[in-house]
Amino acid sequence: MAFYVDRFHEDDIRVTSLKDNQAVVIPRCLPTLQGTGVLEEGHHLWIAIEFPGRTGDNRIVFAREATMRNGTWRADKLTVGGADRTGETYVLAAVDVDGPTHGMLATTVIDMFPDDARTLEPGADLWRFSFHGYPTGAEPLDAVTVTRNAKDHLTCAETAAAGRSKPE
């Protein structure tokens, strides 16, 4: 997949919540990915998910921007893969994104009108662009390889909705 820095300094971005030298099995909804490090002014940290496409090519989806504070960062509620993709291997990458690329990632909307595609109720559809490689202005800095477990199929939105609907 992508090339990552193999030498680290104190302020470099590192994934610390999952260890890449172990077999890491995760649910479809990963509650939190976190780490340490700082970026230069005007840059943003995004979490990207790398995976093999259905045609054998590698794909990259930018899942969400991480929150950075005082040399630490975290990204909550990462949905990894489709419901039918258990046992698949994914790479979760911490990506340094410059200002213009961040603007593109943060504001991209897919307009389905007019379209005959089946859609769900408002807010239930999830459409994302996937890339064959990292766009200009996005540099992966650290990553961890994970495998999806076979029992947790709910997205993070579905997990949250199920939690809200439980009687007390």
Side-chain angles (χ1 to χ4, degrees), residues 1-110 126-149 152 154-157 159:
M1 298 240 181
F3 170 79
Y4 302 99
V5 177
D6 62 356
R7 62 195 182 289
F8 289 100
H9 304 285
E10 184 178 321
D11 287 341
D12 287 346
I13 296 294
R14 299 290 308 263
V15 176
T16 60
S17 59
L18 301 173
K19 300 297 181 198
D20 199 28
N21 58 356
Q22 302 172 18
V24 179
V25 179
I26 63 167
R28 184 173 184 200
C29 176
L30 180 63
T32 301
L33 184 68
Q34 57 192 15
T36 59
V38 295
L39 295 175
E40 71 179 79
E41 187 73 29
H43 285 235
H44 301 262
L45 187 68
W46 277 77
I47 304 306
I49 302 171
E50 301 178 15
F51 60 97
R54 294 190 189 272
T55 60
D57 57 336
N58 289 328
R59 306 298 299 173
I60 300 166
V61 170
F62 284 83
R64 79 173 49 256
E65 183 179 7
T67 302
M68 300 187 77
R69 183 172 292 127
N70 299 325
T72 63
W73 59 266
R74 68 183 291 133
D76 295 325
K77 298 181 178 130
L78 298 168
T79 296
V80 180
D84 61 340
R85 308 292 268 188
T86 61
E88 297 278 338
T89 299
Y90 296 85
V91 174
L92 307 180
V95 183
D96 177 358
V97 175
D98 66 14
T101 306
H102 166 74
M104 181 270 300
L105 292 172
T107 60
T108 300
V109 176
I110 297 176
L126 177 61
W127 298 84
R128 295 186 185 154
F129 284 110
S130 65
F131 300 86
H132 286 287
Y134 285 95
T136 300
E139 179 185 1
L141 299 177
D142 196 20
V144 62
T145 301
V146 299
T147 302
R148 270 274 309 285
N149 74 23
D152 298 309
L154 298 180
T155 66
C156 294
T159 300

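Basis for what follows: all heavy atoms, side chains included, without hydrogens, waters or symmetry-related copies.
- When atom types are taken as modelled, the side chain of R64 and the backbone of K77 share a donor-acceptor pair closer than 3.5 angstrom.
- Of all heavy-atom pairs between A48 and I60, the closest is CB-CG2, 3.9 Å.
- Closest of all the heavy-atom pairs between M68 and G37 is CE-O, 3.5 Å.
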Extract all donor-acceptor atom pairs below 3.5 Å that involve side chains of residues 93-101 and protein atoms in other chains or at least two apart in sequence.
unit_1	atom_1	unit_2	atom_2	d
D96	OD1	H43	ND1	2.6
D98	OD1	T101	N	2.9
D98	OD1	T101	OG1	2.7
T101	OG1	T136	O	2.9

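- A donor-acceptor pair under 3.5 Å links the side-chain atoms of R148 to the main chain of G82, judged by distance alone.
- In terms of the salt bridge (charged side-chain N to carboxylate O under 4.0 Å, His left out) criterion, residue partners of D76 (sequence neighbours excluded) are, by chain and number, R74.
- The local environment of CG in D57 is crowded, with over 12 non-hydrogen atoms from other residues, nucleotides or ligands closer than 6.0 Å.
- Under a 4.0 Å N-O distance rule, the pair R14/D12 does not qualify as a salt bridge.
- Every residue two or more places apart in sequence or in another chain was checked for a side chain to side chain donor-acceptor pair (under 3.5 Å) with T36, and none qualifies.
- Every residue meeting the side chain to side chain donor-acceptor pair (under 3.5 Å) condition with E65, not counting sequence neighbours, appears here in chain and number order: H44.
- For the side chain to side chain contact (heavy atoms under 4.5 Å, CB included) test with W73, the passing option among T67, I47, V38, T16 is I47; the others fail.
- Scanning for side chain to side chain contact (heavy atoms under 4.5 Å, CB included) contacts around D84 gives R54, with sequence neighbours left out.
- Residue pairs satisfying the disulfide (SG to SG under 2.5 Å) criterion with at least one member in residues 34-86, sequence neighbours excluded, are absent.
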